[in-house]
Structures are given as structure tokens and as C-alpha cells.
Amino acid sequence: ETGVTQSPTHLIKTRGQQVTLRCSSQSGHNTVSWYQQALGQGPQFIFQYYREEENGRGNFPPRFSGLQFPNYSSELNVNALELDDSALYLCASSSGGTSTGELFFGEGSRLTVL
Amino acid sequence: AQSVTQLGSHVSVSEGALVLLRCNYSSSVPPYLFWYVQYPNQGLQLLLKYTSAATLVKGINGFEAEFKKSETSFHLTKPSAHMSDAAEYFCAVSGKDNFNKFYFGSGTKLNVKP
């Protein structure tokens, strides 16, 4: 069974640039959630995708967008990067769009914005 | 809105001592509650979860937590700390509007002294 994998693991961007982060969900999972974890804080919910549709969004501006593909992998895109976007971005997969189950997390993509 | 408060951003115990990490939640409906552990430069791993079955929940690595509705608490305990328990611990509650939307506390870093 393959776990949640994220790429890239680390990246550095400058203010104003755009970034795409990728996530492969765990085998059998059809739901992917993205979280932002700033230094010293807990993860904050960005959004969730279930069967290729956005299924819930946190308090993040529209420059944070995402996609889910037919194989349930997902992308997080952030446009017009700001310094405060520097964080660990965590992807989590789960099964079922509305049932509570365990979230399986990847190891994250650490983004630094200079 | 759902929220979680973790009292104590840093807790230090001696090896073999009791571990107690505190979590209080805010929820207008019976919540689902979780404890996750994060080791340095890694994603989050589920320790245990409460989903309205038994109020005393046993998890991995000897951890357990007790759901107390009257106190709106879900504290994490372990009778005897090991050096390998040193990590950051996050309490989380799932949202009533979207059971897969998790609200995390700000985390408690556990230090275990030899």
C-alpha cells in the first residue's frame, strides 16, 4: 500500500511568483485535503477535494487554488506569492467525502518565499 | 465554529514520568476528536481518535485520551514517557459542517529528559 507522497519536498520562491505543489493520495482514497502549517503553529485547512470537486474551503484567498485529477492525485497552486506564504504545506488523503475517518498525511512541501 | 485550545506550548518531563498534554475543544455538537504526533521534518501521524464510542480511547505507543463532555476536554496521557516520545503533538476536532475539515490546535512540544 503506497502512502501519501508530496513533491517537491523543499522549494524557494520569490515574492510575486507562482508555485505548484503536488500530492498523490494513498491507494483507495478519493478525498484530498490541503493544510498550511506556518512555523510554530498547527495546520490550517486550505481546502478539500472529493471526486475532483472542491468540497470545503478554509479562510484562504482565491490565489490559493487546487485541482484533483481522475486518479485522485491533487495540486495546490498559489499565485502572487507573499512572504507570509512561507510554510509547510501538508496534503492529507482520506476515503469518503463526508464521513469522518483518519486523515493520512504526507511529509509536506516546505515553501520559503524570499 | 469549531476550535481547539492546547494549554502549554512546551511540556518537559523526565523519562519514565507521566505525560499529560491538555486539549479543550469548542463545539456545539458532539465532535470527533483526534490526537496527532509530528516528528521533526515529517508529516502528522494519527495517535488516536474519538468518534462517540468509548470515552476512554487507547492509541498507539501507549497513549490514551479521555473524552469528558462536561469539561469539553480530550487530554492525552501516557503513564511512562520514553525518549522516543519527544515530538510535537496536535489535538484536532472535525468540523460539523464538513467532517473531513479538521481544526488543529497550535501544538504542544514534548521534551523528554533522560
Side-chain angles (χ1 to χ4, degrees), chain A residues 3-7 9-10 21 23-26 29-51 53-60 68 72 74 87-110, chain B residues 1-10 21-27 29-53 57 59-60 67 76 87-109:
Chain A
V4 178
T5 58
Q6 293 187 241
S7 63
T9 54
H10 294 81
L21 308 178
C23 172
S24 293
S25 60
Q26 182 161 313
H29 287 178
N30 57 16
T31 302
V32 171
S33 304
W34 286 92
Y35 287 80
Q36 181 196 65
Q37 186 179 16
L39 199 61
Q41 297 183 24
Q44 300 287 317
F45 177 75
I46 303 174
F47 44 56
Q48 179 188 94
Y49 279 85
Y50 171 62
R51 294 184 176 175
E53 300 271 338
E54 188 178 287
N55 181 37
R57 187 178 182 92
N59 189 26
F60 281 82
Q68 188 179 31
Y72 304 128
S74 177
L88 180 68
Y89 288 85
L90 294 166
C91 171
S93 75
S94 56
S95 58
T98 57
S99 63
T100 294
E102 179 180 350
L103 290 182
F104 292 80
F105 283 87
E107 295 197 349
S109 293
R110 186 165 295 282
Chain B
Q2 314 279 324
S3 67
V4 167
T5 302
Q6 291 185 242
L7 294 175
S9 58
H10 290 80
L21 305 182
R22 298 178 186 275
C23 172
N24 288 87
Y25 67 89
S26 167
S27 174
V29 297
Y32 295 107
L33 292 158
F34 305 80
W35 275 99
Y36 280 83
V37 60
Q38 186 176 36
Y39 297 98
N41 300 315
Q42 293 189 25
L44 280 72
Q45 179 185 5
L46 181 70
L47 278 178
L48 51 81
K49 63 181 180 181
Y50 167 76
T51 56
S52 73
V57 181
I60 62 171
F67 172 70
L76 181 71
E88 189 157 21
Y89 293 80
F90 293 93
C91 182
V93 61
S94 62
K96 62 178 181 178
D97 53 343
N98 179 336
F99 288 131
N100 274 323
K101 179 180 178 180
F102 282 38
Y103 296 85
F104 285 84
S106 55
T108 299
K109 284 188 179 174

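Side chains are part of it too, since the values below use all heavy atoms of this structure and drop only hydrogens, waters and symmetry mates. Below, chains carry the letters A, B, ... as their sequence lines are ordered, and counting in each starts from 1.
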A/Gln37 versus chain B, the contacting section by heavy-atom distance below 4.5 Å:
side chain
When you compare the side chain of B/Phe34 with that of A/Leu103, does any pair of heavy atoms fall below 4.5 Å?
no
Under a 3.5 Å distance rule, please check whether A/Tyr35 uses its side chain to pair with a backbone N or O of B/Phe102 as donor and acceptor.
yes
Between B/Gln38 and chain A, with a heavy-atom cut-off of 4.5 Å, which part of the residue counts as in contact: side chain, backbone, both or neither?
side chain
Please report the closest heavy-atom contact between B/Leu44 and A/Pro43, naming both atoms and the distance.
CD2-CG, 4.1 Å
If you count the non-hydrogen atoms of other residues, nucleotides and ligands that lie under 6.0 Å from CG in A/Leu39, is the total more than 12?
no
Where do A/Gln41 and B/Phe90 come nearest, in terms of heavy atoms and distance?
O-CE2, 3.8 Å
